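All chains are named by letter (A, B, ...) in the order of the sequence lines, taking the proteins before the strands, and each is independently numbered beginning at 1. Just so you know, these numbers come straight off a predicted model, no measurement behind them.
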Protein chains: 2
Amino acid sequence: MKHSPSMSSCDSCSNKFETIFKHLTQEEHDMISLDKNCEPYKKGSVIYHEGNRISGCYCISSGIIKIYKTGIDGKEQIITFAKNGDIIGFRSVLSGELACTTAKVIEDSSLCFIPGDTFIQLFKQNREFSMDLMQLACKELGEANAYITDIAQKTVRERLAEILILLKDNFHLDNEQFLQITLTREELANIVGTATESVIRLLSEFKSDKLIELHGRRIKITDINGLKKVGNIF
Amino acid sequence: MKHSPSMSSCDSCSNKFETIFKHLTQEEHDMISLDKNCEPYKKGSVIYHEGNRISGCYCISSGIIKIYKTGIDGKEQIITFAKNGDIIGFRSVLSGELACTTAKVIEDSSLCFIPGDTFIQLFKQNREFSMDLMQLACKELGEANAYITDIAQKTVRERLAEILILLKDNFHLDNEQFLQITLTREELANIVGTATESVIRLLSEFKSDKLIELHGRRIKITDINGLKKVGNIF
DNA sequence: GTATTAATATGATTTATATCATAACTTAAT
DNA sequence: ATTAAGTTATGATATAAATCATATTAATAC
């Protein structure tokens, strides 16, 4: 590894090469490495804005990015979180459309940039990469369908319980059973699609019901099955 | 055209060849034609069920299919409608996942079947086809993000107005300005994500406000701009 | 054409949740 | 360390929309 000063971040991207980039040839591998521009991003910085044209994709080597869309009153609707190993921006790059979401750093991150041209060339020349990427898009489509149905049909209580379980699944619990992602109540509300106060009240209820414990913004999940039951998760 | 008895339906698929299949070679074109199985489906019949494994994709040569997901109380959440020229089922085929939606015929239809193997082979061997399909998936992803944000943030009134405009855009108005798709109030409710009675009431209001006219189930849109304003569409 | 079923319409009531208001606590900035 | 800004918490009130109930109309089945 030539990138000795940021070796840890590039190692992380190499790990990602075992997933979406796992079928690249060594030459293609180098092609990305050559173009790769691994940069640190501070909490709060914006990777790309909704409505802008994106010049390339980003591979996340560390940190957490929230992907959200802004609605009519300027309220955020968080669509998903991207973490170590995920790619963001591929939708706009491949479709040639403007970004339909904004990507903002919620935990100091390190991202590797892949120019759009390179990405598209890879897609076109490596059938396995294109298949992997297609499968990723299809998986995301399936998740979106579920998200739509849940927002439309589940109560806010059910939704919040479900979100906590999803956060556990995506970011895992540490040794003390705390979620390893820290969100404001407003951010949780922006995932659930409800008012901040409603989230605060429900978290308080979940705490009373011994489903979770609250330590400042840190959330300890104490009864996973209880939460699954509340969230109607099967 | 050798399919003389169902020539009109195959003509329609040929027209579709000008879009998602527009970059197939003549050989690949024939490959699909050979495998193609163009069948009539009566209103009410189910093309594929949520939870099942799909053996191939369907290209719609005529008619209308509703694509929906069933929620926890057995309620439908309609995700989209597919019409002449659209493909359904590609998500599951390419991702290898079970169908996450159900496809049901709401107007007598004619569908051409493309076996999954064939479809995947086409994806792998024709870079232009794979690119077109990828762009279709990315477009759908973008639409899903908007759908999620709208359901979460817009009022039912706004949503219904917006849905009417979307139906107009997708299915167009006939010479008398009637929507060329006929849905029950329940189905409209299942798109908006609300109760049937709420849709009935709002349609009645829209009628009073001279935004639409109601003739049985047929809806005439009389004030497109008025509806856009109500729906907060820019 | 008739009977049955499904859909539509309307009114009343209930419920979930948003909004408003205020105080207390935590985090960020200097 | 102090101050300012942001977040969290709680209570009260308002609102949108769901649910329940019933009657009417339209579509479907035979």
Item to check | Flag side-chain contact, heavy atom, 4.5 Å: B/L167 against B/Q180 | outcome: no
Next on the checklist: Looking at B/K228 and B/E162, is any side-chain nitrogen of the basic one under 4.0 Å from a carboxylate oxygen of the acidic one?
Outcome noted: no
Checklist entry - Nucleotide range of DNA chain D contacted by chain A, 5' to 3', under 4.0 Å to a heavy atom? => result D/dT7 to D/dA12
Item to check | Side chain proximity check, A/S95 to B/K139, heavy atoms < 4.5 angstrom | outcome: no
Item to check | Heavy-atom pair of closest approach, residues B/G44 and B/K104 | outcome: O-CE, 3.4 Å
Checklist entry - Would you call the rings of A/F178 and A/H215 parallel, tilted or perpendicular if under 30° counts as parallel and over 60° as perpendicular? => result perpendicular
Item to check | DNA chain C contacts made by residues 152-162 of chain A, counting heavy atoms under 4.0 Å | outcome: A/T155, A/V156
Checklist outcome for this item: note: A/R185, atom CZ; C/dA24, atom C1'; distance rounded to Å ~ 15 Å
Item to check | Side-chain N,O (B/R217) to OP1/OP2 (C/dT8) below 4.0 Å | outcome: yes
Item to check | Contact check, side chains of A/Y68 and A/E50, non-hydrogen atoms, under 4.5 Å | outcome: no
Checklist entry - Where the side chain of B/E197 is concerned, which of C/dC20, C/dT8, C/dT10 is the nearest nucleotide? => result C/dT10
Next on the checklist: So, does B/T196 get its side chain near the phosphate of C/dA7, meaning an N or O under 4.0 Å from OP1 or OP2?
Outcome noted: no
Checklist entry - For DNA chain C, whose closest nucleotide is more 5', that of B/E186 or that of A/G193? => result B/E186
Next on the checklist: Quick test of your reading of the model: are B/E187 and B/K66 salt-bridged, counting only N-O distances below 4.0 Å?
Outcome noted: yes
Checklist entry - Of A/R201 and A/G216, whose closest DNA chain C nucleotide lies nearer the 5' terminus? => result A/R201
Checklist entry - B/L227 pairs by side chain to side chain contact (heavy atoms under 4.5 Å, CB included) with which of B/I163, B/L160, B/I221? => result B/I221
Checklist entry - Given side chains that start at C-beta, do those of A/I64 and A/F171 come closer than 4.5 Å, heavy atoms only? => result yes
Next on the checklist: What is the separation between atom CG on B/L203 and atom P on C/dA7, rounded to the nearest whole Å?
Outcome noted: 16 Å
Next on the checklist: Expressed as a whole number of angstroms, how long is the span from A/I200:CD1 to C/dA23:P?
Outcome noted: 17 Å
Checklist entry - Below 4.5 Å, heavy atoms only, C-beta onward: do B/I79 and A/T149 meet side chain to side chain? => result yes
Item to check | NZ/NE/NH1/NH2 to OD/OE distance under 4.0 Å, B/E213 and B/R218 | outcome: no
Checklist entry - Does a side-chain N-to-carboxylate-O contact under 4.0 Å join A/D108 and A/K43? => result no
Checklist entry - Rounded to whole angstrom units, what separation is found between the NE2 atom of B/H215 and the P atom of C/dT8? => result 16 Å
Checklist entry - Closest nucleotide of DNA chain D for B/K43 versus for B/T194: which of these residues is on the 5' side? => result B/T194
Next on the checklist: Could you tell me how far apart B/E187 (CD) and C/dA7 (C1') are, to the nearest whole angstrom?
Outcome noted: 11 Å
Next on the checklist: Angle between the end axes of the helix from C/dG1-D/dC30 to C/dT30-D/dA1, five pairs per end, to the nearest 10 degrees?
Outcome noted: 70°
Item to check | Below 4.0 Å: OP1/OP2 of C/dT10 and any side-chain N or O of B/S204 | outcome: yes
Checklist entry - What integer distance in Å separates A/L214:CG from C/dC25:P? => result 16 Å
